[in-house]
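Within every chain, numbering begins at 1; the chains are lettered A, B, ... in the order of the sequence lines, protein sequences first and strands thereafter.
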Protein chains: 2
Amino acid sequence: MKNYELVLHRVEAELAAGRLRIGERLPGERVLAEQLGISRPSVREAVRVLEAMGVVRTATGSGPEAGAVIVAEPVSPLTAVLRLHLATNHLPMGDVVQTRILLESWAAREAAEQQANADELEILLDAMDAPGLSPEEFHRLDAEFHVALSGLAGNVLIAAVMASLRSAIHGYVLAAVPNLPDWEATTVGLRAEHRAILKAVRAGEPDDAADLITAHIRGFYQAARLNMP
Amino acid sequence: MKNYELVLHRVEAELAAGRLRIGERLPGERVLAEQLGISRPSVREAVRVLEAMGVVRTATGSGPEAGAVIVAEPVSPLTAVLRLHLATNHLPMGDVVQTRILLESWAAREAAEQQANADELEILLDAMDAPGLSPEEFHRLDAEFHVALSGLAGNVLIAAVMASLRSAIHGYVLAAVPNLPDWEATTVGLRAEHRAILKAVRAGEPDDAADLITAHIRGFYQAARLNMP
DNA sequence: CTGGATCATGTGGTCGGACCACAGCCTAGC
DNA sequence: GCTAGGCTGTGGTCCGACCACATGATCCAG
């Protein structure tokens, strides 16, 4: 058992027992080190891991905002894991796309069935109609649209995974933009597809919503020649 | 920019560029520290994060197995993230169950359509027929069956997520066993359902396979009173 | 008495150096 | 030629120190 794992187990146990809640602060690194009988560097390694896992947020200084504060931020660690494993080329892009299709078509179907409030989606689509958007800006709004749509289904795990997928592939998608024959024409098509998806969700047509978003995702990846399932 | 992030970015860049491949070793901590102009503790914090992310595996000693070796192990970090966030109670168990149903029914459907080789599943089911299995042993085999089934669809991301979900909830499921009215009777039912699922996959009946596994998962969580969607 | 400038305090961030345990390699001795 | 021992390089751990930062108490001037 490595020393820093003592801290990880301790924190996880206290979280599970409810003795540590979101918004509260971890004991100081020096205190933690003395309590567990280990050195401050070992504690720091554990805190770094917790930070990477989205469980704490560290800040210098004093006051209630400083120190290691318990948070619940599952998106950034999932993003980091996916990005790193995409970088190793042991996570095929095709599998990511397939997963997106599965999650998003489910979410669209659920959103349509629940007649979820889709006003936020419309704001994003309006923003995407602005002329002269750079590919980077356009894709960021596009990602926000897809993530927001996934969130409508009300499942925080699936929403987090979707947000992570989008963040992780952000760079790859932008790098593939030059593969597109005509960027302007592509945005026109994507915007129209988004509107159609929104319409289906609002109309309460689960099958239509799911089919439209499946075609939307598949179509883009084929056009951009990001290798496909 | 914190110092240890220098290492993370460096490693991710080298992975993406193909200069670091799986099985190769990271430079020694002392070397890395000097190359980046930072201290060894900072390097160590970064290595710990990479280890937690399943990108490297560290070992002491000398020889090709020692040091920080590049690996691709996405399951353990995903498991850790899910476990920690389950511990914070900001990840409802119901959402996890819903996600399982979505992923596993998809995987069962795919496996049935592809007529994937399901021999491994049968070995697991035979092992589950052994009399006198403890709930812990039974559930471990059960988890293996579900993960193996998810793997048949051939999507490494979905398989990794499924494996993580099972590992993360392992403890919670075992803790819920006392809620069951009759453990022995439950195992009889679960085994029969597993056989039915396997049969549907082998028969190439995607709809049946998906429906059976959905009912299988939902039924167990309702019986064990792990809160449901 | 009021208000702003200043310092004390406690936090994480970083560093250098030191020592240990471990595993493989290499060499000296048989 | 073979074996046993030491050598070397790896991560694992610790100590002590200093820095940067944000806060809040304190002090002094008005």
Side-chain angles (χ1 to χ4, degrees), chain A residues 1-11 14-15 20-73 76-77 80, chain B residues 1-11 14-15 20-73 76-77 80:
Chain A
M1 170 80 73
K2 292 165 186 171
N3 273 351
Y4 81 104
E5 295 176 354
L6 291 175
V7 184
L8 296 183
H9 292 149
R10 160 82 156 257
V11 171
E14 304 238 314
L15 282 173
L20 272 179
R21 275 187 292 270
I22 295 187
E24 295 182 357
R25 288 172 34 182
L26 234 54
E29 296 179 351
R30 295 162 180 85
V31 176
L32 222 37
E34 195 182 2
Q35 283 181 2
L36 294 170
I38 59 179
S39 70
R40 199 179 153 211
S42 295
V43 172
R44 284 184 60 73
E45 291 176 12
V47 173
R48 279 280 187 260
V49 171
L50 290 173
E51 195 178 16
M53 296 286 194
V55 174
V56 306
R57 165 181 56 76
T58 62
T60 62
S62 87
E65 290 302 302
V69 183
I70 310 285
V71 296
E73 221 294 78
S76 52
Chain B
M1 170 81 74
K2 291 164 186 170
N3 273 352
Y4 81 103
E5 297 177 352
L6 291 175
V7 183
L8 296 183
H9 292 150
R10 160 80 156 258
V11 171
E14 304 238 316
L15 283 173
L20 272 179
R21 276 187 291 268
I22 294 186
E24 296 183 354
R25 287 173 32 185
L26 235 52
E29 297 179 352
R30 295 161 180 86
V31 175
L32 222 36
E34 194 183 2
Q35 282 181 1
L36 294 170
I38 61 180
S39 71
R40 198 180 153 209
S42 295
V43 172
R44 284 184 61 74
E45 291 176 12
V47 173
R48 278 281 187 261
V49 172
L50 290 173
E51 194 178 16
M53 296 284 194
V55 174
V56 306
R57 165 181 57 75
T58 62
T60 62
S62 87
E65 288 304 301
V69 183
I70 310 285
V71 297
E73 220 295 76
S76 53

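Partners of B/Ala72 according to the side-chain contact (heavy atoms from CB on, under 4.5 Å) rule, which considers only residues two or more places apart in sequence or in another chain, are A/His85, A/Thr88, A/His90, B/Ile22. Qualifying side chain to side chain donor-acceptor pair (under 3.5 Å) partners for B/Glu5, counting only residues two or more places apart in sequence or in other chains: none. In this structure, A/Arg30 has no salt bridge (charged side-chain N to carboxylate O under 4.0 Å, His left out) partners at least two apart in sequence or on a different chain. Residues satisfying the side chain to side chain donor-acceptor pair (under 3.5 Å) criterion with B/Glu24, sequence neighbours excluded, are absent altogether. Taking A/Ala80 as the reference, B/Met53 meet the side-chain contact (heavy atoms from CB on, under 4.5 Å) condition, with sequence neighbours excluded. With sequence neighbours left out, A/Glu34 forms a salt bridge (charged side-chain N to carboxylate O under 4.0 Å, His left out) with no residue at all.
Taking only side-chain nitrogens and oxygens, B/Thr58 comes nearer than 4.0 Å to OP1 or OP2 of D/dG12.
Between A/Tyr4 atom OH and D/dC14 atom C1' there is a gap of 17 Å when expressed in whole angstrom units. D/dT10 atom P lies 12 Å from atom CG of B/Leu32, rounded to whole Å. Atom CG of A/Asn3 and atom C1' of D/dG12 are 8 Å apart (whole Å). The nearest whole Å value for the distance from the CD atom in A/Glu34 to the C1' atom in D/dG16 is 15 Å.
Taking the side chain as every heavy atom from C-beta outward, B/Val11 and B/Val47 never approach each other to under 4.5 Å. Taking the side chain as every heavy atom from C-beta outward, A/Arg10 and A/Gln35 approach each other to under 4.5 Å. Between A/Ile38 and A/Leu32 there is no side-chain heavy-atom pair separated by less than 4.5 Å.
The residue among B/Leu26 and B/Pro41 whose nearest nucleotide of DNA chain D lies closer to the 5′ end is B/Leu26. Comparing B/Arg30 and B/Ser39 by the nucleotide of DNA chain C whose heavy atom lies nearest to each, the residue mapping closer to the 5' end is B/Ser39.
Reading DNA chain C from its 5' end, the first and the last nucleotide to sit under 4.0 Å from a heavy atom of chain A are C/dG10 to C/dT14.
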Donor-acceptor pairs are to be reported for all side-chain atoms of residues 58-67 of chain B against protein atoms at under 3.5 Å, with residues two or more places apart or in another chain.
{"residue": "B/Thr58", "atom": "OG1", "partner": "B/Glu51", "partner atom": "OE2", "Å": "3.0"}

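In the region residues 42-53 of chain A, proximity to DNA chain C at under 4.0 angstrom, judged on heavy atoms, holds for A/Arg44, A/Arg48.
Looking at every heavy atom in both residues, A/Tyr4 comes nearest to A/Ala46 through O-CB, 3.4 Å.
Within the helix from C/dC1-D/dG30 to C/dC30-D/dG1, the inter-axis angle between the opening and closing five-pair segments is 30°, rounded to 10°.
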Below 3.5 Å between N/O atoms, which protein atoms pair up with nucleotides 4-9 of chain D? Just atom names and distances, please.
{"residue": "D/dG9", "atom": "N2", "partner": "B/Gly61", "partner atom": "O", "Å": "3.3"}

Please report the C-alpha distance between A/Glu45 and A/Lys2 in whole Å, then the side-chain angles of each, then the deciding distance to 0.1 Å, and finally whether the side-chain contact (heavy atoms from CB on, under 4.5 Å) criterion is met.
-> CA-CA 11 Å; A/Glu45 291 176 12; A/Lys2 292 165 186 171; over 6 Å; no
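Of the candidates B/Val7, B/Leu8, B/Val56, B/Leu8 is the only one forming a side chain to side chain contact (heavy atoms under 4.5 Å, CB included) with B/Val49.
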